[in-house]
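Sequence lines set the chain letters: A, B, ... in the order given, protein chains first and strands last, and positions in each chain run from 1.
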Amino acid sequence: MTHSISVEDVRYGYDRNRPVLNGLSFALPGGLHFLLGVNGAGKTTLFRLLLGALQPAAGRISVQRSAESGVDAVGYLPQAFDFPGHVTVRQFVRYVGWLRGMRKTDAAATRAIGLVGLAERADVPLKKLSGGMLRRAGIAQAIVHEPAVLLLDEPTSGLDPAQRVDLRALLTGLAESMCVLVSTHLMEDAQYAGGDVLILHDGAIRFQGATTEVEIGDQDSGTTGLSPLEQYFLRITRA
Amino acid sequence: MLSWTVVLRRSAGWLALPLSLGLAIFALTVPEANWRFEWGRSMSAAGLYLFIASPLYAGLASFDTVFWRNRTAQVAEGIRDRDLIARLPWLCTAAIGLAVHAVVLLAIAVTAAVSGAVGAVHVEIIVVQLLSIAGFAALGGLVGLYTRSYLAAPVLALVCVGLNVLAPTGPFRSLVTVGTGTKDLIELRPHPTQIALQVGVFTVLLVAALPVRLFTRRARTSVSAVLLAAVLVTGGVFGGSAQPLEFDQAEQVCRQHEVAVCGPAALSDRFAAIGGALADVAAPLVAIGIPVERRFVVLTDGGIAPPDVRAALFIGTEAVRDPERLAVAARRGVTSGAHCDSRSTAMPHDSVVLGRAMLDGWLQRRLGLDQPGTYPTDLVDALEALPAPDVAHVLGAVYAAVVDCAEKVPLPGPGAS
């Protein structure tokens, strides 16, 4: 199987004595994947390594190239972005396309904006968009160059339930043509959107598989009412 | 390109638009701004407002660069050519500055053309002005590349203004003294070394700040830093040594009209009028048999006549085209010889001053331009009380003494020495 992302025995730490990632290895094919982990588990560090913004102290990272040569391989939606509000959705997406090295951005921007369902608001300034729409605009800029890999950092954070449902549907659709890795602490996103789950803890992947593969065995006290995934996550991270 | 328009629309450089135009208008409308009669001075005058505007562009470019770096930092995470973010805003600021300057140059060119400006357009002055605008904006872009603080903008602008204020004495004076000098009449022009230094330094700044891939895909920021350091060192070492201006003998020509008129070739189309004015003024003296000089050298106001010149016309380009002012200058030229006293620091003898004034007063009365109070009336009255042959004798002696640069002049009546 061809993997979109391949991480082999990667080590990285901001402090030599306290590695954030310690022998991290995993491989992802195309499709939708959720990266779960407690705060400080290293999710953002892993994203920055995949983006090439950081270089691993050891190990190897391989990311599938983009369809368009000469542009960045990975699309990225940060958890929050503070782009100038006077810029319209179309200008925003085209600007990032230009920044990524694309020669012609108009058609690509129109396509990306259409994919995220903002075609009718393409010429609306960012400052006039709701939180959910702004997140969609962010995804449009992340896919304008048709990346093979899309990284989304907490994309549903701060959205109301309806917006989260819509966004999960969008991610499911995007995952049909690329590898989408979503960092989140909201396990229901992974539960309802389907796809694989990776649980990052203590610098390594402690679980990788479908949510249906989670085996919780006997229920722990104090976890009544939690989903199997949530119970499994707590069991790993509290171990 | 859309990315340009996105940045251009939000550019802080627009803030400089009213200020730059206001400064330019102010600089060009100050009293006695006679730049419009010479192309060289006109082009120099166009750069006067850059004294403030260029540092302003540097600060605004720095602000914009920091703004776009900060506001795109999150979405640009992992993008390989993030330097592009920092290298676009200053280009927009420079574009605005250059557009403003183009308007200023155009307005000045039209004014100069309408005023019948003489001389040549000194392209090197315009080039340096344009380069300085782009160069200062590039400097702002470079500073914005190394900081994320908005404080960099006012600090940089103040530092650049400080450089300009210190320009006459500071180590960077030759770099920031932009567009001065006139060649056509004053015979001053920017020193070639200074021009070369300015062009070199501003070009290096542009290369350092341009979004080019001339050097290497990696460490372009380091390359920029090295080039910036080179500019500072070059400016510090050589900037203070080159003289901003140098004398340059303008091409001289002579034309024979009613009298022979010699002077800058740029004014030669006015020599006939000058010659006519001089002949008109000299006519009363010639009529009583005084051998008035037949060759006059045209010199700029405030100039000094060479030792071999006996008769000079000191005049500014603004007066050349004004018949009344030309007549006044011609009368002064006839009655003052070559302004010999201007060749030394010693004060002229009272009799010399009085002799010239007496000549002037006598001519005023003969020419119907009598302006009492502008000459010693008692002396002229005493002169006119003399018999006609004596008047001619006295005036001839006074005139000869004036053109011969005599230390004293023989005067009639109560003021005689």
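- In this structure, B/V75 and A/Y95 have side chains that are not in contact, with every pair of non-hydrogen atoms separated by 4.5 Å or more.
- B/R71 approaches A/P84 most closely through the heavy-atom pair NH2-CA, 3.6 Å.
- Contacts of A/A80 with chain B are made by backbone atoms alone, with heavy-atom separations under 4.5 Å and no side-chain atom involved.
- Of all the listed residues (A/L77, A/V87, A/D82), the one sharing the greatest number of non-hydrogen pairs under 4.5 Å with chain B is A/D82.
- Applying the 6.0 Å contact sphere to CG of A/D123 captures more than 12 heavy atoms from other residues, nucleotides or ligands.
- Here the CG atom belonging to A/D153 is positioned 11.0 Å from the CD atom belonging to B/Q74, to the nearest 0.5 angstrom.
- Closest approach of B/R10 and A/H86 over heavy atoms only: CB-CE1, 3.2 Å.
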